[in-house]
Amino acid sequence: MHKISLTLEAIRKIYEQPFIDLILQAQNTLRAHFTPNTIQLSTLLNIKMGGCAENCGYCSQSVHHSSNIEPYKLLTKAEILAAAQKAKQNGATRFCLGAAWRGPTHNQIDKLSEIIPEIKKLGLETCSTLGLLKPGQAEKLKEAGLDYYNHNLNSSENHYKSIVSTHSFNDRLDTINQVTEADIKLCCGGILGMGENEEDRLSMLLSLSKISPPPNSIPINMLIPIPGTPLEKQPKIEVLEFVKLIATTRILFPSAYVRLSAGRDTLTRTEEALCYLAGANSIHFGSEYLLTEYTPLPSAESDLAFLHTLGIQPESKQLSE
Ligand code: SAM
Ligand code: DTB
Ligand code: SF4
């Protein structure tokens, strides 16, 4: 089938329509592709904290910045599996391993290849976010049974240059290509609120749409300005702009999970509900924080109670009924 390629103007037309029209279109799009009132719950585990050689301006785990985190080395298989078991008990369906690496070594890929099948045996989907991949590594992860690889574009190509200098937007696209060529499903999104303008945000969506096949999972993060990083003083993005970007993402990627990612704890529960109305259907859930203590999450109990109030069912419950 001939695929019509999107343009920035077409994306802007979606984004700039009246707010209520945008939200309605997004919610209708969601309903045409997913069961209404369901949400995916994904639990994150930071398997290696801090000491990263890259200089991403948003990240507390970079050696170039002076954030206050306590680094640790790669967790053991037993530690990782214990966290996966807890995630399963809490009701998560996906478990994502994050590591503060520029990219993994072959030895680290081998270690993770032993752990991934064990996580799958628990009945969880597996995801990992390990940084830039070297040739052959995506294939190895695929052989181990990895379902998803997270590697974000994070911003527009133009703005990304002013946020990171130790790797390029093209380096990220190269890893993304390796992931899709190895037939691993792609989780790829970005961060809003890093000083980019509206055009940068829409251009990031355009870049996402050019990936073939497009991401199955799209995390939309709100920048958490972390003390000690170059972006520590960035003002918070307007929540309505964030919501509009979620809705636009939903419309452009109808069958992808759109994840309300970093920054959820900075929203009121009412603002969070607006994100679900705008088509977000996935959250990080069930751990104390995302990757570092700078990004706390509500407790699993509090999240489940809130979703219950909205009549939104976790996907896992749906599946088991
Ligand atoms: N090192 C790997 C990489 O950069 O791809 C994986 C871990 S990295 C911490 C995963 C993602 O976390 C980044 O791509 C970025 O989108 C997000 N992230 C990091 N710091 C953040 C912050 N302060 N606020 C919002 N998102 C952040
Ligand atoms: C993604 O897009 N967001 C998650 C996940 N992928 C790995 C991580 C957000 C990290 C927030 C920074 C922190 O925890 O310090
Ligand atoms: Fe942080 Fe990942 Fe950048 Fe390393 S590569 S500084 S862990 S965002």
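Order of listing sets the numbers, starting from 1, for every ligand and every atom in it. None of these values were measured; they are calculated from a predicted model.
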Where's the contact between [X] and ligand 1, heavy-atom distance under 4.0 Å: side chain, backbone, both or neither?
| X | answer |
| --- | --- |
| His151 | side chain |
| Trp101 | backbone |
| His167 | neither |
| Leu231 | neither |
| Thr229 | neither |

Proximal ligand 1 atoms for Ala99, defined as those under 4.0 Å from one of its heavy atoms: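 Near Ala99, the atoms of ligand 1 are 1 (N), 2 (C), 6 (C), 7 (C).
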Per-atom contacts, ligand 1 versus Thr129 - under 4.0 Å to a heavy atom: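 Listed by number with element, the hits are 5 (O), 6 (C).
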Contact (N/O only, under 3.5 Å) between Pro219 and ligand 2: no
Ligand 2 to Thr129 polar contact by distance, N or O atoms, under 3.5 Å: no
Any Asn150 heavy atom less than 4.0 Å from ligand 2: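 Yes; Asn150 lies near enough to ligand 2 that a heavy-atom distance drops under 4.0 Å.
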Any Ser261 heavy atom less than 4.0 Å to ligand 2: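 For ligand 2, residue contact (heavy atoms, under 4.0 Å) with Ser261 is present.
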Intermediate values then yes/no, side-chain hydrogen bond (donor to acceptor under 3.5 Å, both in side chains), Ser282 and Arg259: CA-CA 4 Å; Ser282 176; Arg259 183 167 311 113; 2.8 Å; yes
Protein non-hydrogen atom found under 4.0 Å from atom 2 (Fe) of ligand 3: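 No, there is no protein heavy atom closer to it than 4.0 Å.
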Between Gln25 and Asp21, a side-chain donor and acceptor under 3.5 Å: no
Near atom 4 (Fe) of ligand 3 (cut-off under 2.8 Å), count of protein N, O or S atoms: 1
Close N or O approach ([X], ligand 1; < 3.5 Å):
| X | answer |
| --- | --- |
| Ile191 | no |
| Gln61 | no |
| Asn150 | no |

Structural part of Leu291 in contact with ligand 2, heavy atom criterion under 4.0 angstrom: both
Test log, rule side-chain hydrogen bond (donor to acceptor under 3.5 Å, both in side chains), inputs Asp147 and Thr126: CA-CA 5 Å; Asp147 300 297; Thr126 51; 3.1 Å; yes
Full working for side-chain hydrogen bond (donor to acceptor under 3.5 Å, both in side chains) between Asn46 and Gln61: CA-CA 11 Å; Asn46 200 354; Gln61 299 191 76; 3.1 Å; yes
Shortest protein contact, atom 11 (C) of ligand 2 (heavy atom only): Thr295 CG2, 3.8 Å
From the candidates His284, His151, Met49, Arg259, the one that places a heavy atom nearest atom 4 (C) of ligand 2: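 Considering heavy atoms of His284, His151, Met49, Arg259, the nearest to atom 4 (C) of ligand 2 sits in His284.
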